[in-house]
Protein chains: 2
Amino acid sequence: MTDNRLDTKNKILAIAEGLFADLGFDATSTRLIAKEAGVNIAMLHYYFGGKEGLYVAILEKHFTENRLRLQNINNDNISSFEKLEVFIDSYVDNMKRTRSIQRLMYIEMSLSLRSKLNDHIIELLSKNLQQIKKIIEDGVANGTFNKVDSDMLIASMFGTKIYLINASPVASLLFNGHANNEELLTDELLVRLKAHLKKMFKLYLTKS
Amino acid sequence: MTDNRLDTKNKILAIAEGLFADLGFDATSTRLIAKEAGVNIAMLHYYFGGKEGLYVAILEKHFTENRLRLQNINNDNISSFEKLEVFIDSYVDNMKRTRSIQRLMYIEMSLSLRSKLNDHIIELLSKNLQQIKKIIEDGVANGTFNKVDSDMLIASMFGTKIYLINASPVASLLFNGHANNEELLTDELLVRLKAHLKKMFKLYLTKS
DNA sequence: AAAAATTAATCAATCGATTAATTAAATTTG
DNA sequence: CAAATTTAATTAATCGATTGATTAATTTTT
């Protein structure tokens, strides 16, 4: 592909991702995407087959990116506690960068209108799920962790993230005292989030 | 109002709430609402002024219902621990009944496209927020609870609920091993959720 | 008879998508 | 290398369908 072709494709992908995340799938018109990206509407269908094809392409882009990232974590020869902390750190560190696409995915999954997209999203999210599950199960097997309702614990971890990302207005009310739209995910809050999740897991998996 | 008028209004409200929760605001057409409710499209504008007015009416209905429910909890002369458990029990017990409207609210808040609706939602959700905050702060003040990052703890509680309601496909994967659309919020799961939240709060607020 | 409720028909606007025509780039050929 | 040809990329215009909303006429209730 030439540089121009890549430019056009990537510009559409980048603009569309932001608009989809801000407005949702239905409220984002192909005309708006084309206008903001500075390209003709037909290019959107030319490259991606249509609005839904573009949506899938955005998810698949992050899907492959995320797959590469996930591979080299669980191979290390460290304790279950350290694995847990590494996972939480990397999980929280990724939040700022992947905020748009995550908001997008959870909205889409919540509605479950487009089954093809839904399958993609579930496949992507289940990767994280399996990874943390394995860390905990291994820890239980080697006696580091107690046998507890780890699924609920995992639900609380992912849920806390969703609350900060997808319910940011009311989360701002909780953390800042007002529900405006200033940036909630400050570095300070992410540090607090890491400490909180580590503490929660540690207490739950050992002191119970 | 006559019985017929009430029937028509309430039928529209009930049908629209389900459709909005299932499809989202944009994907739910006024024609579909009218068809499912068995009324003329014009009735929707006649009673509610339009699609968005209907949306607001649905929220306000739950808004007032919820306000009545919230009043008589915090007056009891019980310990902070018991208040916490009462709150969690009532919070979880309300999940099944309010699942549709809660899914709807969090989707709407996540997109934040309609500021009038957003204000309503934030006002409604902040009631729960203030209530649990007061319980914890009182507990800290009277020495029952440790001084901890209670805001993060609250975020985890609300987040866990959102995860079960709005991310139900991947939550089903976590709890049932498959991501189908069978009912996730079984009585058994709600019991587990209660136990988990109580344990999480107790550990966090005392053993840290 | 007056008011309220309901209906059918239609409005302009916007949607995603597609077409045919045009320009730019790449490839082949002499 | 350069002209000719083919392919790729882009544009403007338009398609039918659907959207939320409204109107005027009709039926029902008071």
Side-chain angles (χ1 to χ4, degrees), chain A residues 1-60 104 107-108 111 113-118, chain B residues 1-60 104 107-108 111 113-118:
Chain A
M1 280 191 286
T2 69
D3 286 353
N4 276 345
R5 182 184 166 95
L6 271 176
D7 280 357
T8 303
K9 279 194 75 170
N10 289 333
K11 196 176 286 182
I12 294 175
L13 281 170
I15 293 290
E17 179 180 323
L19 288 175
F20 279 140
D22 287 342
L23 307 174
F25 182 81
D26 291 306
T28 303
S29 68
T30 54
R31 282 171 175 79
L32 180 61
I33 296 172
K35 187 183 169 190
E36 297 278 312
V39 302
N40 192 282
I41 318 175
M43 301 311 294
L44 199 148
H45 297 83
Y46 181 72
Y47 283 118
F48 303 101
K51 188 182 182 182
E52 192 163 324
L54 171 58
Y55 205 98
V56 173
I58 292 171
L59 289 179
E60 281 180 344
L104 197 140
I107 291 174
E108 183 64 35
L111 295 175
L113 296 179
R114 292 158 279 272
S115 63
K116 199 194 299 180
L117 299 182
N118 236 39
Chain B
M1 283 193 286
T2 69
D3 286 352
N4 277 345
R5 180 182 168 95
L6 270 176
D7 281 355
T8 303
K9 279 194 75 170
N10 289 334
K11 196 176 287 183
I12 293 175
L13 281 171
I15 293 291
E17 179 180 322
L19 288 175
F20 280 140
D22 287 341
L23 306 175
F25 182 82
D26 291 305
T28 304
S29 69
T30 53
R31 282 171 174 79
L32 180 62
I33 296 172
K35 186 184 171 191
E36 297 278 311
V39 302
N40 192 283
I41 318 176
M43 301 311 294
L44 197 150
H45 297 83
Y46 181 73
Y47 283 118
F48 303 101
K51 188 181 180 182
E52 192 163 324
L54 171 57
Y55 204 97
V56 173
I58 292 171
L59 288 180
E60 281 179 343
L104 197 140
I107 291 174
E108 184 64 34
L111 295 176
L113 297 178
R114 291 159 279 273
S115 63
K116 198 194 299 177
L117 298 183
N118 237 37

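Proteins get letters first, then strands, A, B, ... in listed order; numbering begins at 1 in each.
In this structure, B/I41 places its CD1 atom 11 Å from P of C/dT7, rounding to the nearest Å. When the C1' atom of D/dT18 is taken as reference, atom CG of A/D26 falls 13 Å away, rounded to whole Å. At whole-Å resolution of the value, NZ in B/K35 and P in C/dA8 are 15 Å apart. Atoms OH (A/Y55) and C1' (C/dG16) sit 16 Å apart, rounded to a whole Å. Distance OH (A/Y47) to C1' (D/dA8): 8 Å, rounded to an integer number of Å. Counting to the nearest Å, the P atom of C/dT19 and the CE atom of A/M43 are 16 Å from each other. Between A/K51 atom NZ and C/dA17 atom C1' the separation is 12 Å, expressed in whole Å. For the pair B/K11 NZ and C/dA5 C1', the computed distance is 14 Å after rounding to whole Å.
Of the candidate nucleotides C/dC15, C/dT18, D/dG20, C/dT18 has the atom lying nearest to any side-chain atom of A/A42. Here the side chain of B/H45 is nearest to one of C/dT19, D/dG20, C/dA17, namely D/dG20. Nearest to the side chain of B/Y46, among C/dT6, C/dA17, D/dG20, sits C/dT6. Residue B/R31 has its side chain nearest to D/dA21 when only C/dC15, D/dA21, C/dA8 are considered. Here the nucleotide nearest the side chain of B/T8, chosen from C/dT6, D/dT19, C/dT7, is C/dT6.
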Next item on the list: Would you check, one step at a time, whether the test side chain to side chain contact (heavy atoms under 4.5 Å, CB included) holds for B/L23 with A/L111?
Entry: CA-CA 6 Å; B/L23 306 175; A/L111 295 175; 5.8 Å; no
Notebook entry, point to check: Could you walk me through whether B/L13 and B/L54 pass the side chain to side chain contact (heavy atoms under 4.5 Å, CB included) check?
Noted result: CA-CA 7 Å; B/L13 281 171; B/L54 171 57; 3.9 Å; yes
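Rounded to the nearest 0.5 angstrom, B/T8 OG1 and B/L44 CG are separated by 11.5 Å.
Nearest-nucleotide mapping onto DNA chain C: of A/A27 and A/G49, the residue sitting toward the 5' end is A/A27.
Checked by distance alone, A/N40 brings a side-chain donor or acceptor within 3.5 Å of a matching partner on the base of D/dA12.
Ring orientation note: the planes of A/F25 and A/F20 are close to parallel, at an angle under 30° on the 30°/60° scale.
Counting only heavy atoms from C-beta outward, the side chains of A/Y46 and A/N40 never approach each other to under 4.5 Å.
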